[in-house]
**Q** 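Quick one: structure below, then a few questions.
Letters A, B, ... mirror the listed sequences (proteins, then strands); counts begin at 1.
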Amino acid sequence: MSTNAIEIAGLVKRFGSTVALDGLTMNVPVGQVHGFLGPNGAGKSTTIRVLLGLLRADSGTARLLGGDPWHDAASLHRRLAYVPGDVNLWPNLTGGEAIDVIGRARGGLDKAKRAMLIERFDLDPKKKGRAYSKGNRQKVALIAALASDVELLLLDEPTSGLDPLMEKVFSDVIRSERRENTTVLLSSHILSEVEQLCDHVSIIREGQIVESGTLDQLRHLHRTRLSATLDDLSLLSRLDGVHDLVTENGRTTFEADDDAMPPVLAALARAGATGVTATPPSLEELFLSHYDGHRVSQRAMA
Amino acid sequence: MTGFSAAFRLAFRRSRMFYLWWVLALSVMLPATVTKYHDLVPPGENGQIAIAQLAGNPTMRALLGPAFNLNDAGGFTFWRVGTFMAAAVGFMAVLGVIRATRAEEEDGRVELIRSGAVSPAAPLAAGVALSLLACFATGALSALLMIAATPGVGGALATGLGLALTGTMFTGVGAVFAQVFPSARTSRVFSLGIVLAGLYLARAIVDTPASTPTLDAWRWAMPLDWAALARPYASERWWVFLLPLAVTVVLVALAFWLETRRDLGAGLRAAGNGADTAAPYLRDAGGLSWRLLRVSIIGWTVGIVISAIGTGTLATSLDTAFNDQPQVMDLLRKISGGAQGIQDAFYGAMLAILATIVTIAGVVLLSRLRSEETEGHSEVMLSTAITRRTYALAMLVPAVLLPIVLLIATGALLPLIQATSQGTATLVGTISVASLALIPGVVLVMGFAMLVVGWRPRWFGLVWAVVGWTIFTSWVLTLWSPPDWLLRLQPWGWLPHLPSEPMRWGAFTLELVLGAVMLGLGLVGYRRRDIAGR
């Protein structure tokens with residue numbers, strides 16, 4: 001048994017002339033809750049669909065729970081559950097029926113867990129599929145996925161359409177899954193959710209992983225934003241790794257590279273700085289630096 | 001109406017290719033037939049006698065409706081294909097109006113339009129207007145081509161109006177059912193399967209026996225006969241067109257009224273609640289597919305049983321004297337694939353037509369395998385422990401079995417009335433065996449359909465093209481005295497038509513094997529290709 005639930009190496013998937021995945025490489029160890037971030041159209045859903053054996057990769061390898069996602073699809077699917085990004089229910093089946101159909105097709109679901117989830121997500125399972133709102137359709141798919149005891153959850157933007165109360169229920173359920181050592185691949189746009197739930201984050205852009213690591217590791221790759229009140233700027237401005245130094249109304253703000261922090265702090269102390277604040281980059285900032293194609297390409301040109 | 005023009009332009013943009021092909025295909029049929037008149041009816045008295053006998057034949061009246069003036073190329077043409085083409089315009093009108101209204105609403109796109117500064121009825125008005133326009137375009141184009149093809153401007157105009165106004169009635173039918181049911185599929189089933197097919201069958205039953213005053217009165221109750229009753233090319237009765245016009249106005253008005261009485265996305269009845277847990281049978285691919293297909297399976301079965309028995313009643317009015325009329329027999333023989341006696345010819349022709357219709361049932365069922373994919377359900381189910389093979393088979397098996405069972409049932413039910421009156425079951429046996437010999441045609445079409453779904457699901461239209469071509473060959477092409485090979489170039493063309501032909505095991509086996517191979521290849525393709533999500 002491999003220690004990685006998901007192993008992807010050099011994965012390429014083309015649709016006609018469009019390259020959806022361009023040599024994607026990514027690993028998710030067993031028991032990890034892995035955040036999968038990226039702008040729309042970056043290849044998140046395509047990656048998940050390759051992992052489900054719905055799409056056949058053009059080149060590269062993907063391993064899932066120690067098996068081949070294409071050849072061993074049906075047997076692997078007993079051990080995982082999937083929530084699609086755009087949930088569409090059968091219009092004439094009730095939510096309860098849809099949950100059972102999907103759960104039983106996977107090999108059965110835990111009735112007590114099903115009842116508990118319906119209760120917690122506050123779903124009326126007697127309504128017909130066409131009568132549900134987007135959020136309620138999402139709940140049906142979530143309950144169908146979470147009511148089974150599986151080793152791996154593949155969740156493609158699972159909370160889209162959920163209200164904040166339901167988002168919280170979702171977070172609680174995922175936390176308890178993590179305690180049971182379930183592996184989760186969570187594709188999302190909601191950064192606070194990823195920050196709260198995920199041990200590890202991968203950022204995908206144009207079909208490639210551009211950054212991967214724990215949130216702490218990622219933060220270390222980026223600059224910390226500092227501000228302080230001080231008179232003598234000369235010490236600071238001489239240091240390497242200090243950027244965008246600006247003084248306004250007697251308050252100085254700048255950014256510092258992570259490895260420049262010790263000399264920066266020493267220089268602040270010597271200059272007698274007061275009111276020092278240091279803000280590590282938020283996930284949002286990490287994220288935007290990759291999302292914003294314009295900024296990235298400018299940096300690449302510079 | 002606020003926003004009508006925006007809604008109309010959107011509907012036009014989304015349906016222009018759909019209507020273009022339909023209008024062109026429907027408009028050329030009559031003019032193409034008229035050019036063949038003189039080949040078919042030799043000049044002189046003999047030709048006229050022959051054609052009169054043809055029109056007096058009950059089977060022909062059942063298929064084609066009443067004839068008024070067969071001495072004229074235009075009048076003959078309208079009888080030969082007019083009523084059928086008018087019904088086909090209705091078919092187009094229903095599909096068109098539902099795709100622009102209920103189907104768009106079901107997919108959530110009407111919501112986008114209605115949230116703009118548009119009147120609530122604008123999307124319905126746009127769909128109806130476009131469908132009406134297409135009906136009149138078909139009528140106008142047909143009339144123009146008929147004017148060019150044969151003398152008689154009045155007859156050409158009446159022909160065009162007959163096609164157009166028969167179509168617009170069904171614009172109304174489609175628009176009404178699109179308000180009643182929340183699903184486009186159900187709206188289509190009711191408009192086409194029940195109303196259009198039912199009216200065609202009712203018309204056939206009324207038109208079959210020789211004319212009596214009572215029956216002539218009943219004929220006025222048959223909307224699909226109105227175009228013929230306006231007598232194109234036979235001293236036109238223009239006032240008859242007021243009937244379909246009135247029906248159109250009433251139905252369209254009803255649709256708009258119903259539209260105000262319901263919520264967006266809903267039908268007339270509020271969606272009821274159902275079970276909070278799934279029934280025990282809903283545990284695998286087979287259970288799900290029964291749940292999804294059962295209404296279609298039951299509906300088609302009931303429809304075919306009624307049609308087969310109903311068509312069988314026509315047999316009792318067959319006149320064996322027609323055996324002596326070469327012209328009649330020639331035509332019937334072509335439709336039936338070579339039958340000799342009047343009775344064999346009748347059963348052969350009806351069996352051939354119903355074989356095509358039951359195959360439509362199979363194609364409809366299999367099209368669900370494709371639509372489940374585009375609606376995103378296959379993605380979910382194939383992410384469970386169900387293998388692709390099992391999943392595809394769960395739809396494919398009923399899609400192949402249903403038409404085969406219905407074909408055999410048709411063979412047993414068609415002669416039932418006559419056999420009962422004769423007090424012998426021999427005929428039931430004979431025609432049932434004849435239906436068995438046609439099974440490979442069903443398998444061939446279903447094999448082709450699976451091949452398309454397995455490898456190139458976007459090309460599913462090709463399957464409908466095969467079905468359309470088959471209907472065209474038996475309804476229209478038979479008239480043009482085409483080379484025999486062309487007439488046989490359809491799924492049932494090469495099969496032995498019992499009992500008038502001897503059993504040919506070679507053709508039977510070859511087609512069966514070819515169909516089975518395509519079924520297998522289609523399954524292979526389905527297991528190898530990418531499954532699309534939503």
**Q** Do you know which of A/Ile118, A/Leu93, A/Ile99 has the most heavy-atom pairs with chain B at a distance under 4.5 angstrom?
**A** A/Leu93

**Q** Provide the closest heavy-atom pair for B/Asp276 versus A/Arg114 in the form atom of the first, atom of the second, distance.
**A** O-NH2, 2.9 Å

**Q** Are there residues of residues 383-395 of chain B that reach to under 4.5 Å of chain A by heavy atoms, and which ones?
**A** B/Ser383, B/Thr384, B/Ala385, B/Ile386, B/Thr387, B/Arg388

**Q** Answer yes or no: is there a donor N or O on one side and an acceptor on the other, between the side chain of A/Asn88 and the main chain of B/Glu375, under 3.5 Å?
**A** yes

**Q** Would you find more than 12 non-hydrogen atoms of other residues, nucleotides or ligands less than 6.0 Å from A/Arg175 atom CZ?
**A** yes

**Q** Quick check on A/Lys126: does its NZ atom have over 12 non-hydrogen neighbours (other residues, nucleotides or ligands) under 6.0 Å away?
**A** no

**Q** Using heavy atoms and a sub-4.5 Å threshold, report which of residues 360-372 of chain B line up against chain A, by residue number.
**A** B/Glu372

**Q** Which bit of A/Arg56 is near chain B, if near means a heavy-atom gap under 4.5 Å: side chain, backbone, both or neither?
**A** both

**Q** Below 4.5 Å from any heavy atom of chain B, which atoms of A/Leu89 appear? Answer side chain, backbone, both or neither.
**A** backbone

**Q** Is there a side-chain contact between B/Asn273 and A/Lys128 in this structure, where contact means two heavy atoms from C-beta onward sitting under 4.5 Å apart?
**A** no

**Q** Using modelled atom types only, decide if a donor and an acceptor are shared between the side chain of B/Arg283 and the backbone of A/Gly108 within a distance under 3.5 Å.
**A** no

**Q** Between the side chains of A/Lys13 and B/Asp530, is the shortest nitrogen-to-carboxylate-oxygen separation below 4.0 Å, so that they form an ion pair?
**A** yes

**Q** Considering residues, nucleotides and ligands other than A/Glu119, do more than 12 of their heavy atoms fall under 6.0 Å from its CD?
**A** no

**Q** For a 4.5 angstrom cut-off between non-hydrogen side-chain atoms, does B/Asp284 reach A/Arg104?
**A** no

**Q** Taking CZ in B/Arg527 as the centre, count heavy atoms belonging to other residues, nucleotides or ligands within less than 6.0 Å. Is the count above 12?
**A** no

**Q** Chain A heavy atoms under 4.5 Å from B/Leu382: which part of the residue, side chain, backbone, both or neither?
**A** both

**Q** Got more than 12 heavy atoms from elsewhere within 6.0 Å of NZ, A/Lys134?
**A** yes

**Q** What part of B/Ala285 gets within 4.5 angstrom of chain A, counting heavy atoms only: side chain, backbone, both, or neither?
**A** neither

**Q** Considering residues at least two apart in sequence or located in another chain, which fulfil the side chain to side chain contact (heavy atoms under 4.5 Å, CB included) criterion with B/Glu111?
**A** B/Leu264

**Q** Where do B/Glu379 and A/Leu54 come nearest, in terms of heavy atoms and distance?
**A** CG-CD1, 3.4 Å

**Q** Tell me if the CZ atom of B/Arg109 is crowded by more than 12 foreign heavy atoms within 6.0 Å.
**A** yes

**Q** Taking every non-hydrogen pair under 4.5 Å, which of A/Leu154, A/Leu76, A/Asp86, A/Leu52 racks up the most with chain B?
**A** A/Asp86

**Q** Which heavy atom in B/Val380 sits nearest to a heavy atom in A/Pro84, and how many Å separate them?
**A** CG2-CG, 3.8 Å

**Q** Using a cut-off of under 4.5 Å on heavy-atom pairs, state which of B/Ala532, B/Ala279, B/Ala275, B/Ala266 scores highest against chain A.
**A** B/Ala275

**Q** Within the side chain of B/Arg291, is there an N or O that forms a donor-acceptor pair under 3.5 Å with the backbone of A/Asn92?
**A** yes

**Q** How about B/Trp464: does its CH2 atom have over 12 heavy atoms from other parts shown lying under 6.0 Å from it?
**A** yes

**Q** For B/Ser183 versus A/Arg130, what's the shortest heavy-atom pair and its separation?
**A** CB-NH2, 3.4 Å

**Q** Tell me, please, which residues at least two apart from B/Ala175 pass side chain to side chain contact (heavy atoms under 4.5 Å, CB included).
**A** B/Val97, B/Leu124, B/Val128, B/Ala255

**Q** Looking at every heavy atom in both A/Ala105 and B/Met381, which two are closest together, and how far apart are they?
**A** CB-CE, 3.7 Å

